[in-house]
> 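Dropping the structure in here first, questions after.
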Amino acid sequence: QVQLVESGGGLVQPGGSLRLSCVARGFTLEYYAIGWFRQAPGKEREGVSCISSSDVGEYYSDSLGRFTVSRDNANTTAFLQMNSLKPEDTAVYYCAVGRRPCEPDTRGWGLWGQGTQVTVSS
């Protein structure tokens with residue numbers, strides 16, 4: 001069974017950091033773009049970042065300069081390092097994979113993880 005499993009979420013104070021992980025089970029991430037998305041209560045899911053199959057990172061929303069996307073050399077895990085977190089970053093964060101270019105569009109991704117909650121609050 002193929003699946004994506006996110007972890008690393010939690011409660012953090014404003015200005016703090018978290019590192020999210022997205023583990024691929026039953027397949028490898030090689031040749032896939034990996035997108036990171038988030039959905040806050042009452043809002044639509046939005047793109048946050050993406051790493052292409054050629055390891056080029058893209059950043060959306062206001063993540064540029066604060067977030068860093070990467071993947072491990074074994075192509076089993078993708079990461080989203082989040083620094084300088086703000087209360088408005090509070091959301092459920094999802095990873096998704098697809099054989100496609102990086103785009104912040106939520107459509108066209110073949111597999112999604114279950115999400116991990118990130119709460120930024122003092």
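Heads up: numbering here begins at 1 and tracks the sequence.
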> Is the closest side-chain heavy-atom distance between Leu111 and Tyr32 below 4.5 Å?
no
> Mind listing the closest non-hydrogen atom pair of Tyr94 and Arg45 along with its distance?
CZ-NH2, 3.4 Å
> Could you tell me whether the side chain of Asp89 reaches within less than 4.5 Å of the side chain of Met82, counting heavy atoms only?
no
> For the OG atom of Ser49 and the OH atom of Tyr93, what is their distance to the nearest 0.5 Å?
11.0 Å
> For a quick test of reading the model, state the closest non-hydrogen atom pair linking Arg71 to Ser53 and the distance between them.
NH2-CA, 3.7 Å
> Over all heavy atoms of both residues, which pair between Pro14 and Ser122 is shortest? Give the atoms and the distance, please.
CD-N, 3.7 Å
> Looking only at non-hydrogen atoms, find the nearest pair between Pro104 and Phe37 and report the distance.
O-CE2, 3.4 Å
> So if you build clusters from Ile, Leu, Val, Met, Phe, Trp, Tyr with side-chain heavy-atom gaps below 4.5 Å, do Val23 and Leu29 land together?
no
> Which heavy atom in Lys86 sits nearest to a heavy atom in Asp62, and how many Å separate them?
NZ-OD2, 3.5 Å
> Just checking, is any N or O donor in the side chain of Ser52 or Ser54 under 3.5 Å from an acceptor N or O on the other one?
yes
> Quick one, Tyr60 and Cys102 - any side-chain contact, counting heavy atoms below 4.5 Å?
yes
> If you measure from OG1 on Thr119 to CD on Gln13, what distance do you get to the nearest 0.5 Å?
13.0 Å
> Measuring from atom CD of Gln117 to atom CD of Gln39, what distance do you get when rounded to the nearest 0.5 angstrom?
11.0 Å
> Is Asn83 close to Ser17 at the side-chain level, that is, under 4.5 Å between some pair of heavy atoms?
yes
> State yes or no: do Val97 and Val2 share one hydrophobic cluster built from I, L, V, M, F, W and Y residues joined by side-chain heavy-atom distances below 4.5 Å, directly or via other members?
yes
> Quick one: do Phe67 and Val12 end up in the same hydrophobic cluster if we chain Ile, Leu, Val, Met, Phe, Trp and Tyr together by side-chain heavy atoms under 4.5 Å apart?
yes
> Do the side chains of Glu46 and Lys43 get close enough for a salt bridge, i.e. N-O under 4.0 angstrom?
no
> What I'd like to find out is whether the side chain of Trp109 reaches to under 4.5 Å of the side chain of Cys50, using heavy atoms alone.
yes
> Supply the atom-to-atom distance Asp105 CG to Arg100 CZ, rounded to the nearest 0.5 angstrom.
6.0 Å
> Would you please test Leu20 and Glu6 for side chain to side chain contact (heavy atoms under 4.5 Å, CB included) and show each step?
CA-CA 7 Å; Leu20 305 184; Glu6 297 105 332; over 6 Å; no
> Specify the closest pair of heavy atoms between Thr116 and Gly8, including all atoms of both residues, with the distance to one decimal.
OG1-N, 4.2 Å
> Following the transitive rule for hydrophobic clusters with a side-chain heavy-atom cut-off under 4.5 Å over Ile, Leu, Val, Met, Phe, Trp and Tyr, establish whether Trp36 and Leu64 coincide in one cluster.
yes
> How many angstroms lie between atom CG of Asp55 and atom CG of Asn75, to the nearest 0.5 angstrom?
7.0 Å
> Given side chains that start at C-beta, do those of Val120 and Glu88 come closer than 4.5 Å, heavy atoms only?
no
> When you group the ILVMFWY residues by side-chain heavy-atom contacts below 4.5 Å and let the links chain together, are Tyr59 and Leu85 in the same group?
yes
> Using side-chain heavy atoms (C-beta onward) and a distance below 4.5 Å, is Ser21 in contact with Phe79?
yes
> Quick one, Leu11 and Ser121 - any side-chain contact, counting heavy atoms below 4.5 Å?
yes
